[in-house]
Amino acid sequence: MSDQAQEREGRWQAFYRVIRRIPKGRVATYGQIAELAGFPRHARQVGYALHALGRSKPRVPWQRVINAQGEVSQRSAPDGDRLQRAILEAEGIVFGGNGRVDLERYGWRPRRR
DNA sequence: TCCCTGACTGGTT
DNA sequence: AAACCAGCCAGGG
């Protein structure tokens, strides 16, 4: 495998590792994941890595990652976002009337690392 | 190899 | 509040 392919693989794995640490009943933003993984400003790549998960069995709680506005991001797949919201609500997260999650209340705030 | 399209974000206008 | 814009970078045509 080429060096750069390995590097990209490592970047995505780093994202997944961070996402696996998000506790049930909490959410994190794409930018936050990138930052914690050691790749600041790579929020878009986090979205891309998550999109790539779609074609395999995720061992990653992808549903806990939302955008910086506190909303579930839209996808190309029609009902993907609806499903995500349903799962989060089942985990105890409450959406406001504007369809947003209150990040002050439900945002993940990891201690250290 | 160039060009386009994304599960994004923070700063400027 | 809303539109724009520059960083990011993988995959497919």
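Values in this document were obtained by computation on a predicted structure and should not be read as measured data. Numbers restart at 1 for each chain; the letters A, B, ... are given by sequence-line order, proteins then strands.
Aromatic ring pairs are classed by plane angle as parallel below 30°, tilted from 30° to 60° and perpendicular above 60°; the pair A/Trp12 and A/Tyr16 is perpendicular.
Protein atom CZ of A/Arg64 is 17 Å distant from nucleotide atom C1' of B/dA7, rounded to whole Å. Regarding A/Asn67, its CG atom lies at a distance of 16 Å from the P atom of B/dG6, rounded to whole Å. For the pair A/Leu103 CG and B/dC8 P, the computed distance is 16 Å after rounding to whole Å. A/Gln74 places its CD atom 14 Å from the C1' atom of B/dC8, with the value rounded to the nearest Å. Atom CZ of A/Arg82 and atom P of B/dA7 are 18 Å apart (whole Å). Taking atom CZ of residue A/Phe39 and atom P of nucleotide B/dC8, one finds them 19 Å apart after rounding to whole Å. A/Gln84 places its CD atom 14 Å from the C1' atom of B/dC8, with the value rounded to the nearest Å. Distance CG (A/Leu50) to P (B/dT9): 12 Å, rounded to an integer number of Å.
Listed candidates were C/dA10, B/dA7, B/dT9. Nearest to the side chain of A/Ala68 is B/dT9. The A/Gln45 side chain lies nearest to C/dC8 when the options are C/dC8, B/dA7, C/dG11. Among C/dA10, B/dT9, C/dC8, the nucleotide with an atom closest to any side-chain atom of A/Trp12 is C/dA10. Among the nucleotides C/dG7, B/dT9, C/dA10, the one closest to the side chain of A/Arg44 is C/dG7. Out of C/dC9, C/dG11, B/dA7, the shortest distance to the side chain of A/Tyr30 is found at B/dA7. Nearest to the side-chain atoms of A/Tyr48 among the listed nucleotides C/dA10, B/dA7, B/dT9 stands C/dA10.
Taking a 6.0 Å sphere around CZ of A/Arg105, one finds it holds 12 or fewer heavy atoms contributed by other residues, nucleotides or ligands.
The same atom, P, is picked in C/dC5 and in B/dC4; the two are 16 Å apart, to the nearest Å. The P atoms of C/dC4 and B/dT5 are separated by 16 Å, rounded to the nearest whole Å. Between B/dT1 and C/dG13, the two C1' atoms lie 12 Å apart (nearest whole Å).
Side-chain atoms of A/Gln32 never come within 3.5 Å of backbone atoms of A/Arg109 as a donor-acceptor pair (strictly under, hydrogens ignored).
Annotation: salt bridge (Lys or Arg N to Asp or Glu O under 4.0 Å) contacts involving residues 90-104 of chain A, sequence neighbours excluded, comprise A/Arg64-A/Glu91, A/Glu71-A/Arg100.
For C/dC8, there is no paired nucleotide, since no Watson-Crick or G-U wobble pair has both relevant distances below 3.5 Å.
A/His42 has no side-chain polar atom (N or O) that falls below the 4.0 Å cut-off from OP1 or OP2 of C/dG7. The shortest distance between the side-chain N/O atoms of A/Ser76 and the OP1/OP2 oxygens of B/dG6 is not below 4.0 Å.
For the pair A/Ser73 and A/Gln84, the minimum side-chain heavy-atom distance is 4.5 Å or more.
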